[in-house]
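Values below: all heavy atoms of this structure, side chains included; hydrogens, waters and symmetry mates excluded. Numbers for residues simply follow the sequence, beginning at 1.
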Amino acid sequence: MPADSPVRPTGRGTPTVVRLLVLATFVVILNETIMINAIPRLMADLEVTERTAQWVSTAFMLTMAAVIPVTGWFLQRVTTRRAYAIAMGVFIAGTALSAVSPSFEVLLFGRIVQAGGTAVMMPLLMTTLMTVVPEQDRGRVMGNVTLAISVAPAMGPVLSGVVLQVGSWRWLFGLVLPIAAVVTWLGLRKLDNIGEPQTGAIDWSSVAFAAVGFGGLVYGLSRFETHNVATPAVIVVAGLAFIVVFAARQLRLQRTGAPLLDLRILLFGTYTKALILMSVAFMAMLGSMILLPLYLQNLRGLSALQTGLLVMPGGLAMGLLGPTVGRLFDRFGGRVLVIPGSIGVAVALAGFTRISMTMPYWQLLILHVLMMVSLAAAFTPVFTLGLGALPQHLYSHGSSMLGTLQQVAAAFGTALVVTVMSARSSALVADGTDPITAHLDGMRLAFAISAALALIVIVMAVLLPGRSSAPQDSDGTETPAHELVQS
């Protein structure tokens, strides 16, 4: 997206362009978790193993991690309408291909195409929002955006559970396809361009380093197992090495040309603190989202649909509280929300360490709602504070970095809790403990690790300011990042 925009809302309502992008983002993000409950059906219908079937989710996350670093450059070089049309067009093509796929290989390719479109939407939404919404209204509008960010992933397993009760896994794509088409049509009818695109060639070596580095890191983290640690560890190290090369390349391009991902965003302290807080909080949240269904289905015997219905209130509460949290942020600032929210996350995760075979479901429901409400109190202000600390021409790069690290954090959080849980339960079984007790103990330890991570979130919340704004010169104009670097 370009640095300067002539578009500003005249009132306090959410701009139409943001409303349309929120709707589209909700549709595409829904698909990141919609296949979780479909794994058994895929195994039977397409005659693949469980490990192979899991690739419909792994490949989606992997593609997101590889593509998102490119979006900072991409959004500055195309108009808003073109970015929207390309993202939704690619997503629709992937959805249609997945719906009619005759084999698992074609389905997997369709999911990769889907993820390519999805990867553009969140940075596009965040960059546009920060460009067209005045600072005093950003909390309220960002609160509305929380609906797309939080409710969509939470609704994915619930929707798939309902659909799979009455139909084929293909309907998961068949139902999304016309909705995505209508949303795209509405967007292209009413979407306005924000500013003018900039010119500049893409550095293909940076694209390759980013794809191999971030993609390899997520892939390696997703393959960790207690009986096979060496191979994933090598992949993770290789991914980190390519990320280091990618970062060095960006630092060089910042002096001689346009970087693919401008790392000067990390020079802004508030943004960097927000980035760390978001990543660790996302890691803890995704870890718990993996553990809780395993506990409810494998140990307590609930169906996928029952599990989805139990965790649905938390996801809905998180999304519905978003606008309220945003208004409170605009009025009181971020600290009064982020600090209690981070504490609430730690308390909820600590509560999950007490799970047992007889723990009442209402207690689990309360703990899950507490965690999701606490995350709502933290996420909206942190997004707003972090991106608001950047100059306008770095919004697209800042939102790209946030999106990339969310995918890495999701993979790391999942790998961490599953590895800890498996290692602990396997060790107890080897010592003669019965499998159910061992599995429970492994889950408790994994939840304890997530709760420990939440303590980092509390520390970063305390360090965040109440409000932030992009650095300005004495005449009120923004200070360019290169001048900040030189100073």
Side-chain angles (χ1 to χ4, degrees), residues 126 130 135 138-143 145-146 149-150 153 265-289 314-315 317-319 321-353 367-390 398-399 401-406 408-410 412-413 416-417 447-470:
M126 290 298 177
M130 297 300 295
E135 183 184 349
R138 286 176 184 166
R140 175 183 54 80
V141 178
M142 190 71 81
V145 171
T146 303
I149 299 171
S150 58
I265 54 179
L266 300 177
L267 295 175
F268 299 89
T270 297
Y271 173 81
T272 302
K273 293 169 188 173
L275 190 68
I276 295 172
L277 191 155
M278 284 294 300
S279 299
V280 178
F282 211 72
M283 194 186 307
M285 180 184 75
L286 262 293
S288 66
M289 286 181 67
M318 184 182 188
L321 278 176
T324 301
V325 170
R327 286 192 292 269
L328 291 173
F329 170 79
D330 287 335
R331 184 171 181 180
F332 300 108
R335 290 175 62 84
V336 298
L337 294 164
V338 180
I339 294 176
S342 60
I343 293 173
V345 172
V347 170
L349 290 170
F352 281 126
T353 64
L367 286 173
H368 187 258
V369 169
L370 171 63
M371 184 176 70
M372 301 305 279
V373 168
S374 300
L375 287 168
F379 277 178
T380 296
V382 171
F383 266 120
T384 311
L385 286 171
L387 292 177
L390 299 176
S399 58
M401 178 70 84
L402 272 172
T404 301
L405 288 192
Q406 276 188 2
V408 173
F412 184 78
L416 181 65
V417 298
F447 273 122
I449 296 295
S450 295
L453 288 174
L455 298 180
I456 301 176
V457 177
I458 296 175
V459 172
M460 300 312 300
V462 172
L463 294 176
L464 277 176
R467 298 186 185 278
S468 68
S469 58

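Leu385 contributes atom CG, which lies 10.5 Å from atom CZ of Arg335 (distance to the nearest 0.5 angstrom). The line from CG of Leu455 to OG of Ser450 is 11.0 Å long, rounded to the nearest 0.5 Å. In this structure, the separation between CG on Leu267 and CG on Leu390 is 10.5 Å, given to the nearest 0.5 Å.
Shown here for Leu375 and Ala281, the closest heavy-atom pair between the two residues is CD2-CB, 4.3 Å. The shortest heavy-atom contact between Val373 and Ala317 is CG2-CB, 3.9 Å. The nearest pair of heavy atoms linking Phe268 to Ala389 is CD2-O, 3.5 Å. Smallest separation of non-hydrogen atoms from Pro381 and Val338: CB-CG2, 3.5 Å. Nearest approach of Ala348 to Met371, heavy atoms of both residues: CB-CB, 3.6 Å.
In this view, Ala274 and Val382, Leu464 satisfy the side chain to side chain contact (heavy atoms under 4.5 Å, CB included) rule, not counting sequence neighbours. Residues meeting the ring pair (Phe, Tyr, Trp, His ring centres under 6.0 Å) test with Tyr271, sequence neighbours left out: none. The side chain to side chain contact (heavy atoms under 4.5 Å, CB included) check on Arg331 picks up nothing, with sequence neighbours excluded. The side chain to side chain contact (heavy atoms under 4.5 Å, CB included) search around Ile456 returns Val280, Leu453, Met460, not counting sequence neighbours. Under the rule for a side chain to side chain contact (heavy atoms under 4.5 Å, CB included), the partners of Ala346 that lie at least two apart in sequence or sit in another chain are Ala454, Ile458.
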- Task: Determine, stepwise, if the pair Leu321 / Thr380 fulfils side-chain contact (heavy atoms from CB on, under 4.5 Å).
- Result: CA-CA 10 Å; Leu321 278 176; Thr380 296; over 6 Å; no
- Message: Checking Leu275 against Ile265 for the side-chain contact (heavy atoms from CB on, under 4.5 Å) test, could you report, in this order, the C-alpha distance in whole Å, the side-chain angles of both residues, the deciding distance, and whether it holds?
- Response: CA-CA 10 Å; Leu275 190 68; Ile265 54 179; over 6 Å; no
- Given side-chain contact (heavy atoms from CB on, under 4.5 Å), test Met126 with Leu387 step by step and report yes or no. CA-CA 9 Å; Met126 290 298 177; Leu387 292 177; 4.0 Å; yes
- Task: Kindly indicate, with the supporting measurements, whether the criterion side-chain contact (heavy atoms from CB on, under 4.5 Å) is fulfilled by Val408 and Ser279.
- Result: CA-CA 8 Å; Val408 173; Ser279 299; over 6 Å; no
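Annotation: side chain of Phe332 is not in contact with side chain of Leu337 (no heavy-atom distance under 4.5 Å). Looking at heavy atoms from C-beta onward, Arg327 lies in side-chain contact with Thr324 at the 4.5 angstrom threshold. A 4.5 Å side-chain heavy-atom check between Thr384 and Asp330 finds every atom pair outside the cut-off. Between Leu405 and Phe282, the closest side-chain pair of non-hydrogen atoms is not below 4.5 Å. Side-chain atoms of Val457 and Val345, non-hydrogen and from C-beta on, never get closer than 4.5 Å to each other.
In this structure, Thr272 contributes its side chain and Leu266 its backbone to a donor-acceptor pair below 3.5 Å.
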